[in-house]
Amino acid sequence: MLWTQTLIPTMKETPEGAEIPSHILMLRAGMISQVMAGAYAYLPLGLRSLRKAERIVREEMDAAGAVELALPAMSPLSLWEQTGRVSAFGNVLVQTTLQRKDRKVPVVFGPTHEEIITDFVAHHISSYRQMPITLYQITSKFRNEERPRFGVLRTSEFLMKDAYSFDATLESLNRSYDKMYDAYCKIFTRCGVNYLAVEAESGPIGGDASHEFMAPAENGEDSILHCKDCGYAANQEKAEIGARDCVAPDVELKPLTKLDTPGASTIEQVSKFLKCKPQKLIKTLIYLADGKPIAVLVRGDHDANEGKIRRACKIEKLELAPPEVIEKVTGAPVGFAGPVGMKEKIPIYADRDVQCIVNGVTGANAADAHVVNVNLRRDFMPDLFADLRNALDGDPCPRCSSILAMRHAIEIGHVFKLGTKYTDALNAKYADADEQLKPIIMGCYGIGVNRILASLIETSHDADGIVWPMTLAPYEVVLTVVKVPDEPSMAAAKKLYGELAAAGIDVLLDDRDCRAGVKFKDADLIGIPLRIVIGERGLKEGKFEAKWRWEKAAEMLPVEGAGDAIAKWVQEERKENARFGNRRDAL
RNA sequence: CGGGGUGUGGCGCAGCCUGGCUAGCGCGUCUGGUUUGGGACCAGAAAGUCGCAGGUUCAAAUCCUGUCACCCCGACCA
């Protein structure tokens, strides 16, 4: 492609509103253009990168034995009512009504496609002989995000690869799942994205049934915990906290005292009012566990984790109790519950860290009052101690003796064993070898294609612009002609351009008649991995100048045979992103 | 959905507080010329309903009311 024949509207200045590197650089590099909040146009350059990511995804899906199809964005609302996801998605679901001749047809713009594919499969798969099979597509998804943000990271319309596996047995599902998991590793590696596969909430199947693929990045919206020593990694929701012996400080147990704390009902207010650290507080949460009230105790500065509570206490349905229940159980309004002297006797479950609190503070089960110098055993005794809170930076690793580090990350992929949630709801059954009808067992597997680009840029840029790996770069090589009116320069450039194009290299020839500085700046900004400079200076010696985007120095390359040499470099780099992978040493 | 911020040529901004001549500046664009290895210089030109609507006033980019859009923080996120 000739630069003068495409449209690459680069910008010297950062448009108002863009704050994170990926957003700023995609705008400045002329890759995207905003149409409205949460909706971006992909300009020629951006589309090329997006297509490269898409192609890698497609190749690895095909290699893993998945079969591509395309489902419509539009589907009937009724399908979503059958699975209860109209209310589950709520306002996120994009709905509209089509006016047909004599009736109105309520439709949904798919936020994902479990319903549609399951309905299709229910009609066309009826035997165990037709499975296992994994179907996938790469299409636009629609979600009315309450708050689109961070440029291309969180938008209302986005490109997603979604795959669905259909199996007759759990063992077969596990094999399908592992294939996808392995394919994801290959995809993100080929894309040059640093990622971690972390354990995530597993839903109905339990166990090792869900992983998220996370790209650690400062601007990521998710939090993950990672142990550098043993490799354990999980999202914050799922991360377990290793058990450690509690070393109780050797201090005198002071007498239990009730104090007035008028109006102080939150942890922050109480700790301020009583001038004590939140770590000294015992937060008492009243939940309804399968309809019955329970109390959950966590340290004041910790957050309770409902998934952990559910598992540890063997509860199906868990929800925070409404104020009436709290008043009835504790005898006090919301904000003053405590484990000592509750009005009704209910089960008390405590997070392990509560064991370490000596002379603590908690609600007095009376309006506007707290008790201080609360101590375990002397004043109260929980029915169970367990890991019931969200993990934090520095918490003990559950698998080794090291500690967990918390990092922000961008979710770029998710693999999940669904089980029969949708096949039950949509009546997708198959006949087994024993002639019995059984529900098909599903898995679902998503990749946010736009997010691959954004997360790559977030972690691979410098002061001058984007630093693309060969595999995602919109063009693999840029030919920078220093002086376009100089005929020998242009002739040499066009010859090289022809050779590279013939070798199947994506090459961009910067034939704009402007100063060299402008072209160097633009080449750096759009991040093309390999730049070849064609100038009078080099040509005098029969040389081109070759420079990798992430290296400081350039090397001279004989004009003779340059096309072959460059093509070879590009082909090597395409395979492993090897030079790109080593860039940190150079940057 | 709560809190905060911003809307002025294509892009980035000043002007608004304290109303008053023809609404400025930088970048970009176009024309001519000089230049040509890291965002050149000179001369000239085009391009703006000051987000929109209403109000106050002799007079509104500026003050008041409403409204829309966009951005940030938080809540939410199959």
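Proteins come first, then strands; the chains are lettered A, B, ... in the order of their sequence lines, and each starts at number 1. Because only heavy atoms are used, hydrogens play no part in the values below, and waters and symmetry mates are left out as well, while side chains stay in. None of these values were measured; they are calculated from a predicted model.
Put simply, CE on A:M26 is 20 Å from P on B:C11, counting in whole angstrom units. Atom pair A:D162:CG and B:A78:P shows a separation of 16 Å (rounding to whole Å applied). The interatomic distance linking A:I24 (CD1) with B:C72 (C1') rounds to 13 Å, in whole Å. The nearest whole Å value for the distance from the CG atom in A:D486 to the C1' atom in B:U36 is 11 Å. Rounded to whole angstrom, the span from the CD atom of A:E146 across to the P atom of B:C70 amounts to 15 Å. In this entry the distance linking CG of A:L43 with P of B:C11 reads 14 Å, nearest Å. Between A:L27 atom CG and B:C71 atom P the separation is 11 Å, expressed in whole Å. Here B:A75 presents its C1' atom at 14 Å from CG of A:N91, a figure rounded to the nearest Å.
For the pair A:Q34 and A:P111, both in contact range of RNA chain B, the more 5′-proximal nearest nucleotide belongs to A:Q34. When each of A:C514 and A:Y40 is assigned the nucleotide of RNA chain B bearing its nearest heavy atom, the one mapping closer to the 5' terminus is A:C514.
Side-chain atoms of A:M36 lie closest to B:C70 of the nucleotides B:G38, B:C70, B:G39. Of the listed nucleotides (B:A78, B:G39, B:U36), B:U36 has the atom at the smallest distance from the side chain of A:K483. Side chain of A:E19, nearest nucleotide from B:C71, B:A78, B:G37: B:C71. You'll find that the side chain of A:K12 is closest to B:G28, out of B:G12, B:C72, B:G28. For A:D524, whose side chain is taken as the heavy atoms from C-beta onward, the closest listed nucleotide among B:C11, B:G38, B:A78 is B:G38. Here B:G38 is the nucleotide among B:C72, B:G38, B:G12 with the atom lying nearest to any side-chain atom of A:K521. The side chain of A:L525 sits closest to B:G39 out of B:A78, B:G37, B:G39.
For the pair A:R583 and A:F580, the distance from NZ or CZ to the six-membered ring centre is under 6.0 Å and the angle to the ring normal is within 45 degrees.
B:U34: Watson-Crick or G-U partner is B:A40, with both key distances under 3.5 Å. Here B:C1 sits opposite B:G74 as a Watson-Crick or G-U wobble pair (both hydrogen-bonding atom distances under 3.5 Å). Searching all strands for a Watson-Crick or G-U wobble partner of B:A46 with both distances below 3.5 Å returns nothing. Nucleotide B:A59 forms no Watson-Crick or G-U wobble pair with any nucleotide shown, as no partner meets the under 3.5 Å limit on both distances. The pairing partner recorded for B:G12 is B:C25, the criterion being a Watson-Crick or G-U wobble arrangement whose two distances lie under 3.5 angstrom. B:A69: Watson-Crick or G-U partner is B:U6, with both key distances under 3.5 Å.
Within the 4.0 angstrom heavy-atom criterion, no nucleotide atom of any strand lies near A:V484. Within the nucleic acid shown, A:A37 comes within 4.0 Å of sugar-phosphate atoms alone, with no base atom in reach, counting heavy atoms only. Within the nucleic acid shown, A:V92 has no heavy atom closer than 4.0 Å to any nucleic acid atom. In this structure, A:D522 reaches the bases: a heavy-atom distance under 4.0 Å links it to at least one base atom across the strands shown. Residue contacts for A:T480: at a heavy-atom cut-off of 4.0 Å it reaches no nucleic acid atom on any strand shown. Across all strands shown, A:G90 has no heavy atoms under 4.0 Å from either base or sugar-phosphate atoms.
Taking the P atoms as reference points, B:A14 lies 15 Å from B:G26, given to the whole Å. Across B:G15 and B:A75, the matching C1' atoms stand 38 Å from one another, rounded to whole Å. Atom C1' of B:C64 sits at a distance of 14 Å from the matching atom of B:C16, rounded to the whole Å. Taking the P atoms as reference points, B:G28 lies 43 Å from B:G55, given to the whole Å. One P atom belongs to B:G51, the other to B:U62, and the distance between them is 8 Å to the nearest Å. On the P atoms, B:U49 is 13 Å away from B:A61, given to the nearest whole Å. Between B:U22 and B:A59, the distance separating the two C1' atoms is 16 Å to the nearest Å. With C1' as the reference atom, B:U35 and B:G20 are 46 Å apart, rounded to whole Å.
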Legend entry - Chi angles and distances behind the side-chain hydrogen bond (donor to acceptor under 3.5 Å, both in side chains) call for A:K308, A:N390: CA-CA 9 Å; A:K308 289 181 176 180; A:N390 282 344; 5.8 Å; no
Inset, instruction - List the steps and the verdict of side chain to side chain contact (heavy atoms under 4.5 Å, CB included) for A:V35 and A:Y40. - result: CA-CA 5 Å; A:V35 174; A:Y40 288 85; over 6 Å; no
Legend entry - Stepwise salt bridge (charged side-chain N to carboxylate O under 4.0 Å, His left out) test for A:K283 and A:D301: CA-CA 8 Å; A:K283 185 154 54 177; A:D301 57 327; over 6 Å; no
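The base of B:G74 has none of its N or O atoms less than 3.5 Å from a complementary donor or acceptor on the side chain of A:R149. Contact of A:E536 with B:G37 (side chain to base): no donor-acceptor pair of N or O atoms is detected under 3.5 Å. A donor and an acceptor atom never sit less than 3.5 Å apart when one is taken from the side chain of A:R147 and the other from the base of B:A75. Judged by atom type and distance alone, A:E16 does not reach the base of B:G7 through any side-chain donor-acceptor pair under 3.5 Å.
If you check the side chains of A:D162 and A:Q137, you find a donor sitting under 3.5 Å from an acceptor. In this model, no donor atom of one side chain and acceptor atom of the other lie less than 3.5 Å apart for A:T480 and A:D510.
At least one side-chain nitrogen or oxygen of A:R515 sits closer than 4.0 Å to the OP1 or OP2 atom of B:A40.
A ring-centre distance under 6.0 Å is found for A:F188 and A:F213. Aromatic ring centres of A:F150 and A:H23: separated by at least 6.0 Å.
By the 4.0 Å N-to-carboxylate-O rule, A:R389 lies close enough to A:D351 to be salt-bridged with it.
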